[in-house]
Amino acid sequence: MKIIVAGTGYVGLVQAAVCSEYGHQVYAYDIDEKKIAAYSSGEAEQIEHYVNEPGLSHLIKEMLGKYLFFTSELPPIVEGVDVIFLCLPTPPHPDGSSNLTFYDAAVEQFAQLLADRKDKRRVVLVNKSTVPIGTARHLESILKDYQVENVGVASNPEFLAEGTAISQARKPDRVVVGCDRDEDFKILRRVYSQFVNHVRIKYIETTPETAEAIKYVANTMLLTYISFWNGVGARLGEKIPNVKIEDLRRGVTADDRISTWGSYVSNGAGGSCFGKDIRSLIYQLRRVDVNTKMLESSYEVNEFQKEYLIERAVHEAGFRFNNKTVALLGLAFKKQTNDMRDASSIRVVESLLGKGVSCIKAYDPLANEEAQKVFNANQNILFEKIKYFDSAQEAIQGSDALFISTDWEEFRGLSGTIERTVQPPYLIIDGRRMIPDYEDLTAAGYTYMAVGSPVLKPGKK
Ligand SMILES: NC(=O)c1ccc[n+]([C@@H]2O[C@H](COP(=O)([O-])OP(=O)(O)OC[C@H]3O[C@@H](n4cnc5c(N)ncnc54)[C@H](O)[C@@H]3O)[C@@H](O)[C@H]2O)c1
(Lines give C-alpha, C1' and ligand atoms only; values in the text may rest on other atoms or scores of the structure.)
Protein backbone atom coordinates (compact mmCIF):
# COMPACT_ATOMS: atom_id res chain seq x y z
CA MET A 1 0.00 0.00 0.00
CA LYS A 2 1.08 3.57 -0.54
CA ILE A 3 0.32 5.42 2.67
CA ILE A 4 0.58 9.07 3.64
CA VAL A 5 0.73 9.91 7.33
CA ALA A 6 -0.13 13.59 7.84
CA GLY A 7 1.21 15.00 11.10
CA THR A 8 4.36 13.49 12.59
CA GLY A 9 3.90 14.10 16.32
CA TYR A 10 3.67 11.23 18.80
CA VAL A 11 0.84 9.47 16.99
CA GLY A 12 1.88 10.09 13.37
CA LEU A 13 5.54 9.27 13.78
CA VAL A 14 4.83 5.98 15.52
CA GLN A 15 2.13 5.10 12.97
CA ALA A 16 4.45 5.90 10.05
CA ALA A 17 7.37 3.94 11.48
CA VAL A 18 5.33 0.84 12.35
CA CYS A 19 3.41 0.81 9.02
CA SER A 20 6.74 0.97 7.16
CA GLU A 21 7.98 -1.99 9.21
CA TYR A 22 5.18 -4.07 7.66
CA GLY A 23 6.37 -3.27 4.15
CA HIS A 24 4.04 -0.42 3.18
CA GLN A 25 5.50 2.55 1.32
CA VAL A 26 4.99 5.30 3.89
CA TYR A 27 5.31 9.02 3.26
CA ALA A 28 5.28 10.93 6.52
CA TYR A 29 4.28 14.53 5.94
CA ASP A 30 4.36 17.52 8.30
CA ILE A 31 4.18 21.28 7.85
CA ASP A 32 6.98 21.65 10.39
CA GLU A 33 10.09 21.61 8.19
CA LYS A 34 12.47 21.45 11.14
CA LYS A 35 10.85 18.25 12.35
CA ILE A 36 11.02 16.72 8.88
CA ALA A 37 14.73 17.61 8.58
CA ALA A 38 15.41 16.06 12.00
CA TYR A 39 13.56 12.82 11.19
CA SER A 40 15.17 12.60 7.71
CA SER A 41 18.62 12.71 9.31
CA GLY A 42 17.94 9.32 10.92
CA GLU A 43 19.97 10.52 13.90
CA ALA A 44 18.58 9.34 17.25
CA GLU A 45 19.35 12.57 19.04
CA GLN A 46 17.58 14.71 16.44
CA ILE A 47 14.51 12.45 16.31
CA GLU A 48 14.29 12.19 20.09
CA HIS A 49 14.41 15.95 20.40
CA TYR A 50 10.81 15.82 19.12
CA VAL A 51 9.50 12.39 20.06
CA ASN A 52 11.34 10.31 22.60
CA GLU A 53 9.90 6.80 22.58
CA PRO A 54 11.83 3.63 23.36
CA GLY A 55 12.73 1.87 20.06
CA LEU A 56 11.36 4.59 17.78
CA SER A 57 14.54 6.25 16.50
CA HIS A 58 16.12 2.83 15.89
CA LEU A 59 13.13 1.72 13.83
CA ILE A 60 13.11 4.97 11.82
CA LYS A 61 16.79 4.60 11.03
CA GLU A 62 16.20 1.02 9.80
CA MET A 63 13.26 1.91 7.56
CA LEU A 64 14.43 5.29 6.28
CA GLY A 65 14.79 5.46 2.49
CA LYS A 66 13.57 1.84 2.17
CA TYR A 67 9.93 1.97 3.19
CA LEU A 68 9.80 5.25 5.06
CA PHE A 69 10.16 8.75 3.61
CA PHE A 70 9.73 12.16 5.22
CA THR A 71 8.56 15.27 3.43
CA SER A 72 7.03 18.68 3.94
CA GLU A 73 5.89 18.80 0.29
CA LEU A 74 2.47 17.28 -0.20
CA PRO A 75 1.71 17.61 -3.96
CA PRO A 76 4.47 15.20 -5.18
CA ILE A 77 3.32 12.31 -2.96
CA VAL A 78 -0.45 12.30 -3.42
CA GLU A 79 -0.53 10.52 -6.81
CA GLY A 80 -1.28 6.79 -6.40
CA VAL A 81 -1.93 6.95 -2.67
CA ASP A 82 -4.20 4.29 -1.11
CA VAL A 83 -4.60 5.54 2.45
CA ILE A 84 -4.09 8.88 4.18
CA PHE A 85 -3.85 8.83 7.97
CA LEU A 86 -4.67 12.16 9.61
CA CYS A 87 -2.67 12.43 12.84
CA LEU A 88 -3.21 16.10 13.49
CA PRO A 89 -3.56 18.10 16.70
CA THR A 90 -7.08 18.60 18.05
CA PRO A 91 -6.48 20.96 21.00
CA PRO A 92 -9.32 22.17 23.20
CA HIS A 93 -11.12 25.51 22.96
CA PRO A 94 -11.59 27.24 26.34
CA ASP A 95 -15.12 25.76 26.60
CA GLY A 96 -13.74 22.22 26.18
CA SER A 97 -14.89 21.71 22.60
CA SER A 98 -12.30 20.49 20.09
CA ASN A 99 -10.48 23.01 17.94
CA LEU A 100 -10.52 21.50 14.44
CA THR A 101 -8.64 24.37 12.74
CA PHE A 102 -5.50 22.30 11.98
CA TYR A 103 -7.64 19.42 10.95
CA ASP A 104 -9.85 21.38 8.54
CA ALA A 105 -6.85 23.15 6.99
CA ALA A 106 -5.14 19.82 6.25
CA VAL A 107 -8.31 18.18 4.95
CA GLU A 108 -9.04 21.03 2.52
CA GLN A 109 -5.50 20.81 1.18
CA PHE A 110 -5.86 17.05 0.68
CA ALA A 111 -9.30 17.46 -0.89
CA GLN A 112 -7.93 19.84 -3.53
CA LEU A 113 -4.97 17.59 -4.36
CA LEU A 114 -7.13 14.46 -4.49
CA ALA A 115 -9.65 16.16 -6.77
CA ASP A 116 -6.80 17.03 -9.18
CA ARG A 117 -5.01 13.66 -9.18
CA LYS A 118 -4.70 11.63 -12.42
CA ASP A 119 -4.92 8.16 -10.86
CA LYS A 120 -8.51 7.77 -9.67
CA ARG A 121 -7.90 4.63 -7.58
CA ARG A 122 -9.89 4.26 -4.36
CA VAL A 123 -8.36 6.29 -1.55
CA VAL A 124 -9.42 6.31 2.11
CA LEU A 125 -8.90 9.26 4.44
CA VAL A 126 -8.56 7.96 7.96
CA ASN A 127 -8.89 9.91 11.21
CA LYS A 128 -6.37 8.75 13.75
CA SER A 129 -6.65 11.97 15.74
CA THR A 130 -9.18 12.03 18.56
CA VAL A 131 -12.04 13.95 16.99
CA PRO A 132 -15.62 14.69 18.06
CA ILE A 133 -18.20 12.07 17.19
CA GLY A 134 -19.46 12.94 13.71
CA THR A 135 -16.15 14.28 12.37
CA ALA A 136 -15.87 11.54 9.74
CA ARG A 137 -19.20 12.83 8.32
CA HIS A 138 -17.82 16.35 8.38
CA LEU A 139 -14.74 15.13 6.50
CA GLU A 140 -17.00 13.45 3.94
CA SER A 141 -18.84 16.71 3.32
CA ILE A 142 -15.57 18.60 2.69
CA LEU A 143 -14.50 15.96 0.16
CA LYS A 144 -17.91 16.26 -1.52
CA ASP A 145 -17.52 20.05 -1.75
CA TYR A 146 -14.26 19.53 -3.64
CA GLN A 147 -15.88 16.82 -5.82
CA VAL A 148 -13.23 14.26 -4.98
CA GLU A 149 -13.92 10.99 -6.83
CA ASN A 150 -13.60 7.47 -5.50
CA VAL A 151 -12.82 8.46 -1.94
CA GLY A 152 -13.90 6.98 1.40
CA VAL A 153 -13.56 8.13 4.99
CA ALA A 154 -12.77 6.08 8.06
CA SER A 155 -12.26 6.48 11.75
CA ASN A 156 -9.36 4.49 13.21
CA PRO A 157 -8.65 6.03 16.61
CA GLU A 158 -5.27 5.72 18.22
CA PHE A 159 -4.93 4.17 21.69
CA LEU A 160 -1.18 4.35 22.18
CA ALA A 161 0.23 5.18 25.59
CA GLU A 162 3.38 7.28 25.52
CA GLY A 163 6.45 5.50 26.82
CA THR A 164 5.40 2.13 25.34
CA ALA A 165 4.08 3.35 22.00
CA ILE A 166 6.21 1.18 19.71
CA SER A 167 5.56 -2.09 21.50
CA GLN A 168 1.85 -1.25 21.67
CA ALA A 169 1.69 -0.33 17.97
CA ARG A 170 3.25 -3.70 17.16
CA LYS A 171 0.86 -5.57 19.45
CA PRO A 172 -2.17 -3.43 20.24
CA ASP A 173 -5.05 -4.66 22.43
CA ARG A 174 -7.40 -3.77 19.64
CA VAL A 175 -7.66 -2.07 16.29
CA VAL A 176 -10.91 -0.17 15.75
CA VAL A 177 -11.93 0.67 12.21
CA GLY A 178 -15.12 2.60 11.43
CA CYS A 179 -16.22 2.80 7.77
CA ASP A 180 -19.41 2.95 5.75
CA ARG A 181 -18.42 0.79 2.79
CA ASP A 182 -17.04 -2.72 2.39
CA GLU A 183 -14.40 -1.58 -0.08
CA ASP A 184 -12.96 0.79 2.55
CA PHE A 185 -12.96 -1.89 5.27
CA LYS A 186 -11.08 -4.07 2.75
CA ILE A 187 -8.40 -1.42 2.17
CA LEU A 188 -7.86 -0.96 5.94
CA ARG A 189 -7.68 -4.75 6.35
CA ARG A 190 -4.76 -4.75 3.90
CA VAL A 191 -3.02 -2.00 5.89
CA TYR A 192 -3.47 -3.96 9.13
CA SER A 193 -3.24 -7.49 7.68
CA GLN A 194 -0.96 -8.55 10.56
CA PHE A 195 -3.77 -7.89 13.07
CA VAL A 196 -6.93 -8.96 11.23
CA ASN A 197 -7.00 -12.63 12.22
CA HIS A 198 -4.74 -12.37 15.23
CA VAL A 199 -5.68 -14.70 18.11
CA ARG A 200 -5.21 -12.05 20.80
CA ILE A 201 -5.76 -8.69 19.10
CA LYS A 202 -9.37 -7.65 18.69
CA TYR A 203 -9.92 -6.28 15.20
CA ILE A 204 -13.21 -4.39 15.47
CA GLU A 205 -15.12 -3.11 12.45
CA THR A 206 -17.98 -0.72 13.08
CA THR A 207 -19.55 2.58 12.02
CA PRO A 208 -17.36 5.75 11.97
CA GLU A 209 -19.43 7.27 14.79
CA THR A 210 -19.01 4.22 17.02
CA ALA A 211 -15.27 4.17 16.39
CA GLU A 212 -15.05 7.85 17.36
CA ALA A 213 -17.12 7.21 20.48
CA ILE A 214 -14.99 4.20 21.53
CA LYS A 215 -11.95 6.46 21.83
CA TYR A 216 -13.73 9.03 24.03
CA VAL A 217 -15.40 6.46 26.25
CA ALA A 218 -12.12 4.55 26.71
CA ASN A 219 -10.10 7.62 27.72
CA THR A 220 -12.87 8.94 29.94
CA MET A 221 -13.19 5.58 31.64
CA LEU A 222 -9.45 5.44 32.31
CA LEU A 223 -9.39 8.93 33.82
CA THR A 224 -12.48 8.17 35.90
CA TYR A 225 -10.82 5.05 37.29
CA ILE A 226 -7.65 7.00 38.16
CA SER A 227 -9.80 9.69 39.78
CA PHE A 228 -11.67 7.09 41.78
CA TRP A 229 -8.46 5.88 43.40
CA ASN A 230 -7.13 9.40 43.90
CA GLY A 231 -10.42 10.79 45.19
CA VAL A 232 -11.55 7.84 47.32
CA GLY A 233 -8.68 5.39 47.91
CA ALA A 234 -6.03 8.03 48.63
CA ARG A 235 -8.35 9.98 50.93
CA LEU A 236 -9.19 6.84 52.96
CA GLY A 237 -5.48 6.17 53.45
CA GLU A 238 -4.79 9.77 54.42
CA LYS A 239 -7.74 10.46 56.71
CA ILE A 240 -8.70 7.22 58.40
CA PRO A 241 -6.16 5.83 60.85
CA ASN A 242 -4.73 2.41 60.01
CA VAL A 243 -6.12 2.25 56.48
CA LYS A 244 -3.01 1.22 54.51
CA ILE A 245 -3.32 2.32 50.89
CA GLU A 246 -1.03 -0.39 49.47
CA ASP A 247 -2.98 -3.16 51.19
CA LEU A 248 -6.26 -1.52 50.21
CA ARG A 249 -5.16 -1.44 46.57
CA ARG A 250 -3.93 -5.02 46.58
CA GLY A 251 -7.04 -6.27 48.32
CA VAL A 252 -9.42 -4.52 45.97
CA THR A 253 -7.58 -5.34 42.76
CA ALA A 254 -7.27 -9.03 43.72
CA ASP A 255 -10.71 -9.21 42.10
CA ASP A 256 -10.12 -10.02 38.40
CA ARG A 257 -12.87 -7.57 37.47
CA ILE A 258 -10.95 -4.63 38.97
CA SER A 259 -7.86 -3.35 37.17
CA THR A 260 -4.48 -2.79 38.83
CA TRP A 261 -3.72 -0.25 36.10
CA GLY A 262 -4.82 3.13 37.43
CA SER A 263 -5.03 1.96 41.05
CA TYR A 264 -1.68 3.49 42.01
CA VAL A 265 -2.55 6.79 43.67
CA SER A 266 -0.68 9.87 42.45
CA ASN A 267 -0.61 13.64 42.20
CA GLY A 268 -2.98 13.44 39.22
CA ALA A 269 -2.80 12.18 35.65
CA GLY A 270 -1.36 14.50 33.00
CA GLY A 271 -0.64 14.12 29.30
CA SER A 272 -2.14 15.65 26.21
CA CYS A 273 -5.23 13.44 26.07
CA PHE A 274 -7.10 12.65 29.30
CA GLY A 275 -8.12 16.17 30.29
CA LYS A 276 -8.76 17.29 26.73
CA ASP A 277 -10.83 14.24 25.82
CA ILE A 278 -13.04 14.19 28.91
CA ARG A 279 -13.78 17.89 28.48
CA SER A 280 -14.63 17.34 24.83
CA LEU A 281 -16.97 14.44 25.70
CA ILE A 282 -18.66 16.59 28.36
CA TYR A 283 -19.19 19.28 25.73
CA GLN A 284 -20.55 16.78 23.20
CA LEU A 285 -22.93 15.18 25.72
CA ARG A 286 -24.25 18.51 26.99
CA ARG A 287 -25.20 19.39 23.45
CA VAL A 288 -27.55 16.39 23.41
CA ASP A 289 -28.91 17.16 26.89
CA VAL A 290 -27.10 14.41 28.78
CA ASN A 291 -26.28 14.94 32.45
CA THR A 292 -22.48 15.05 32.69
CA LYS A 293 -22.03 15.34 36.48
CA MET A 294 -20.08 12.11 36.80
CA LEU A 295 -17.58 13.10 34.10
CA GLU A 296 -17.23 16.60 35.53
CA SER A 297 -16.34 15.07 38.91
CA SER A 298 -13.72 12.79 37.35
CA TYR A 299 -12.10 15.78 35.72
CA GLU A 300 -12.28 17.96 38.84
CA VAL A 301 -10.82 15.28 41.14
CA ASN A 302 -7.87 14.91 38.78
CA GLU A 303 -7.25 18.66 38.63
CA PHE A 304 -7.60 19.02 42.41
CA GLN A 305 -5.10 16.23 42.96
CA LYS A 306 -2.35 18.09 41.08
CA GLU A 307 -2.08 20.83 43.73
CA TYR A 308 -3.46 19.03 46.74
CA LEU A 309 -0.13 17.77 48.10
CA ILE A 310 1.30 21.29 48.32
CA GLU A 311 -1.75 22.31 50.35
CA ARG A 312 -1.33 19.26 52.58
CA ALA A 313 2.33 20.15 53.13
CA VAL A 314 1.20 23.53 54.48
CA HIS A 315 -1.82 22.40 56.51
CA GLU A 316 -0.82 18.92 57.67
CA ALA A 317 2.99 19.04 57.76
CA GLY A 318 3.09 22.71 58.81
CA PHE A 319 5.68 23.53 56.14
CA ARG A 320 6.15 27.17 55.08
CA PHE A 321 7.28 27.40 51.46
CA ASN A 322 8.06 31.11 51.55
CA ASN A 323 11.76 31.70 50.68
CA LYS A 324 12.48 27.98 50.69
CA THR A 325 14.35 25.96 48.08
CA VAL A 326 12.43 22.96 46.78
CA ALA A 327 13.85 20.10 44.70
CA LEU A 328 11.34 18.96 42.07
CA LEU A 329 12.06 15.46 40.84
CA GLY A 330 10.33 14.43 37.64
CA LEU A 331 8.86 16.90 35.18
CA ALA A 332 7.48 14.77 32.32
CA PHE A 333 3.84 13.74 32.68
CA LYS A 334 4.98 10.15 33.14
CA LYS A 335 8.12 8.05 33.02
CA GLN A 336 9.83 7.05 29.74
CA THR A 337 8.86 10.21 27.89
CA ASN A 338 9.98 13.83 27.62
CA ASP A 339 6.38 14.94 26.99
CA MET A 340 5.40 17.87 29.22
CA ARG A 341 1.90 18.38 27.90
CA ASP A 342 -0.48 18.94 30.82
CA ALA A 343 2.12 17.41 33.18
CA SER A 344 1.24 17.55 36.88
CA SER A 345 4.68 19.12 37.47
CA ILE A 346 3.43 22.31 35.78
CA ARG A 347 0.77 22.75 38.44
CA VAL A 348 3.28 21.89 41.18
CA VAL A 349 5.63 24.61 39.89
CA GLU A 350 2.84 27.17 39.65
CA SER A 351 1.69 26.32 43.12
CA LEU A 352 5.22 26.50 44.61
CA LEU A 353 5.87 29.86 42.94
CA GLY A 354 2.55 31.10 44.24
CA LYS A 355 3.66 30.15 47.75
CA GLY A 356 6.80 32.26 47.42
CA VAL A 357 9.61 29.69 47.14
CA SER A 358 13.00 31.24 46.41
CA CYS A 359 14.19 28.49 44.07
CA ILE A 360 12.94 25.29 42.42
CA LYS A 361 15.76 22.87 41.64
CA ALA A 362 14.34 20.64 38.92
CA TYR A 363 15.56 17.34 37.54
CA ASP A 364 14.07 14.96 35.00
CA PRO A 365 16.02 12.18 33.26
CA LEU A 366 14.56 13.18 29.86
CA ALA A 367 12.38 16.26 30.05
CA ASN A 368 14.60 19.09 31.34
CA GLU A 369 14.90 20.69 27.91
CA GLU A 370 11.21 20.33 27.09
CA ALA A 371 10.27 21.71 30.51
CA GLN A 372 12.44 24.79 30.00
CA LYS A 373 10.57 25.47 26.75
CA VAL A 374 7.22 25.14 28.51
CA PHE A 375 8.11 27.33 31.49
CA ASN A 376 10.04 29.95 29.46
CA ALA A 377 6.99 30.34 27.20
CA ASN A 378 5.24 32.05 30.14
CA GLN A 379 7.60 35.02 29.75
CA ASN A 380 7.17 35.65 33.44
CA ILE A 381 10.18 36.52 35.57
CA LEU A 382 8.88 34.20 38.33
CA PHE A 383 9.73 31.16 36.23
CA GLU A 384 13.41 32.18 36.32
CA LYS A 385 13.42 30.72 39.81
CA ILE A 386 13.50 27.26 38.22
CA LYS A 387 17.01 25.86 37.80
CA TYR A 388 17.66 22.60 35.97
CA PHE A 389 20.07 19.86 37.07
CA ASP A 390 21.49 16.67 35.59
CA SER A 391 20.88 14.39 38.57
CA ALA A 392 18.53 14.00 41.51
CA GLN A 393 21.43 14.47 43.89
CA GLU A 394 22.40 17.86 42.41
CA ALA A 395 18.76 18.98 42.60
CA ILE A 396 18.42 17.90 46.22
CA GLN A 397 21.70 19.51 47.31
CA GLY A 398 20.95 22.60 49.42
CA SER A 399 17.14 22.21 49.28
CA ASP A 400 14.68 22.42 52.20
CA ALA A 401 12.12 20.02 50.77
CA LEU A 402 11.62 17.78 47.76
CA PHE A 403 8.62 16.88 45.64
CA ILE A 404 8.44 13.72 43.49
CA SER A 405 6.10 14.33 40.58
CA THR A 406 6.95 11.62 38.01
CA ASP A 407 7.24 7.88 38.53
CA TRP A 408 10.75 7.41 37.10
CA GLU A 409 12.10 4.09 38.44
CA GLU A 410 15.39 5.70 39.52
CA PHE A 411 13.50 7.60 42.25
CA ARG A 412 12.86 4.33 44.10
CA GLY A 413 16.43 4.49 45.36
CA LEU A 414 16.21 8.07 46.58
CA SER A 415 16.33 7.49 50.33
CA GLY A 416 20.11 6.88 50.32
CA THR A 417 20.69 9.98 48.18
CA ILE A 418 18.56 12.06 50.54
CA GLU A 419 20.40 10.84 53.65
CA ARG A 420 23.79 11.51 52.07
CA THR A 421 22.87 14.93 50.68
CA VAL A 422 20.59 16.85 53.07
CA GLN A 423 20.10 16.94 56.81
CA PRO A 424 16.78 17.10 58.72
CA PRO A 425 14.61 19.05 59.26
CA TYR A 426 13.60 18.21 55.73
CA LEU A 427 10.25 17.49 54.08
CA ILE A 428 9.78 14.80 51.43
CA ILE A 429 6.57 15.10 49.43
CA ASP A 430 6.03 11.92 47.46
CA GLY A 431 3.42 12.41 44.75
CA ARG A 432 3.98 8.91 43.39
CA ARG A 433 4.69 6.80 46.47
CA MET A 434 8.13 6.03 45.05
CA ILE A 435 10.12 5.57 48.26
CA PRO A 436 9.53 2.08 49.71
CA ASP A 437 11.89 2.52 52.69
CA TYR A 438 10.37 5.76 53.95
CA GLU A 439 10.35 4.44 57.52
CA ASP A 440 14.16 4.60 57.55
CA LEU A 441 13.89 8.25 56.56
CA THR A 442 11.49 9.19 59.33
CA ALA A 443 13.63 7.22 61.78
CA ALA A 444 16.56 9.37 60.66
CA GLY A 445 14.62 12.59 61.35
CA TYR A 446 13.06 13.45 57.99
CA THR A 447 9.36 14.24 57.54
CA TYR A 448 7.67 12.11 54.88
CA MET A 449 4.35 12.88 53.27
CA ALA A 450 2.96 10.77 50.45
CA VAL A 451 -0.28 10.72 48.54
CA GLY A 452 -2.48 8.08 50.15
CA SER A 453 -1.05 8.11 53.70
CA PRO A 454 -0.86 10.49 56.66
CA VAL A 455 2.10 12.81 57.18
CA LEU A 456 4.86 10.91 58.97
CA LYS A 457 6.75 13.16 61.32
CA PRO A 458 10.32 12.26 62.38
CA GLY A 459 10.43 9.09 64.47
CA LYS A 460 6.88 8.05 63.42
CA LYS A 461 6.03 4.91 61.42
N1 LIG B 1 -0.04 11.68 22.15
C2 LIG B 1 -0.76 10.63 22.47
O3 LIG B 1 -0.39 9.83 23.34
C4 LIG B 1 -2.07 10.35 21.76
C5 LIG B 1 -2.67 9.09 21.93
C6 LIG B 1 -3.86 8.83 21.26
C7 LIG B 1 -4.46 9.81 20.48
N8 LIG B 1 -3.88 11.03 20.37
C9 LIG B 1 -4.55 12.03 19.51
O10 LIG B 1 -3.87 12.08 18.26
C11 LIG B 1 -3.85 13.42 17.75
C12 LIG B 1 -2.42 13.86 17.51
O13 LIG B 1 -1.73 13.84 18.75
P14 LIG B 1 -0.16 13.99 18.84
O15 LIG B 1 0.18 13.81 20.28
O16 LIG B 1 0.51 13.14 17.83
O17 LIG B 1 -0.01 15.53 18.42
P18 LIG B 1 1.32 16.36 18.15
O19 LIG B 1 1.00 17.76 18.44
O20 LIG B 1 2.48 15.69 18.83
O21 LIG B 1 1.56 16.21 16.58
C22 LIG B 1 0.76 16.79 15.59
C23 LIG B 1 1.62 17.08 14.37
O24 LIG B 1 0.77 17.58 13.32
C25 LIG B 1 1.50 18.58 12.59
N26 LIG B 1 0.57 19.39 11.82
C27 LIG B 1 -0.24 20.41 12.22
N28 LIG B 1 -0.97 20.85 11.16
C29 LIG B 1 -0.62 20.11 10.09
C30 LIG B 1 -1.02 20.09 8.73
N31 LIG B 1 -1.94 20.93 8.26
N32 LIG B 1 -0.46 19.18 7.91
C33 LIG B 1 0.49 18.32 8.38
N34 LIG B 1 0.92 18.28 9.64
C35 LIG B 1 0.37 19.17 10.49
C36 LIG B 1 2.26 19.32 13.68
O37 LIG B 1 3.35 20.02 13.14
C38 LIG B 1 2.69 18.16 14.60
O39 LIG B 1 3.95 17.64 14.21
C40 LIG B 1 -4.63 14.26 18.77
O41 LIG B 1 -5.96 14.31 18.38
C42 LIG B 1 -4.50 13.44 20.05
O43 LIG B 1 -5.55 13.68 20.93
C44 LIG B 1 -2.68 11.31 20.98
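Position 1 is the first residue of the sequence, and the numbers go up from there. Order of listing sets the numbers, starting from 1, for every ligand and every atom in it.
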Chemist: How would you list, by chain and number, every residue that makes a side chain to side chain contact (heavy atoms under 4.5 Å, CB included) with F102, sequence neighbours excluded?
Modeler: P89, P91
Chemist: Check residues 194-202 and write down every donor-acceptor pair under 3.5 Å in which the side-chain atom is one partner and the other belongs to a residue at least two apart or another chain.
Modeler:
| from | atom 1 | to | atom 2 | distance (Å) |
| --- | --- | --- | --- | --- |
| H198 | ND1 | R200 | N | 3.0 |
| H198 | ND1 | I201 | N | 3.3 |

Chemist: Strictly distance-based, threshold 3.5 Å: is any side-chain N or O of T220 a donor or acceptor partner for the main-chain N or O of Y216?
Modeler: yes
Chemist: Charged N to carboxylate O under 4.0 angstrom, R249 versus E246?
Modeler: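 Salt bridge present between R249 and E246.
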Chemist: What does the list of residues with a heavy atom under 4.0 Å from ligand 1 look like, ordered by chain and number?
Modeler: G7, T8, G9, Y10, V11, Y29, D30, I31, D32, K35, C87, L88, P89, T90, F102, A106, S129, T130, E158, L160, E162, K215, S272, C273, K276, R341
Chemist: For the pair E296 and R286, find out whether any cationic side-chain nitrogen is under 4.0 Å from an anionic carboxylate oxygen.
Modeler: yes
Chemist: With F375, which residues qualify under ring-ring contact (aromatic ring centres under 6.0 Å, His included), at least two apart?
Modeler: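 ring-ring contact (aromatic ring centres under 6.0 Å, His included) list for F375, sorted by chain: F383.
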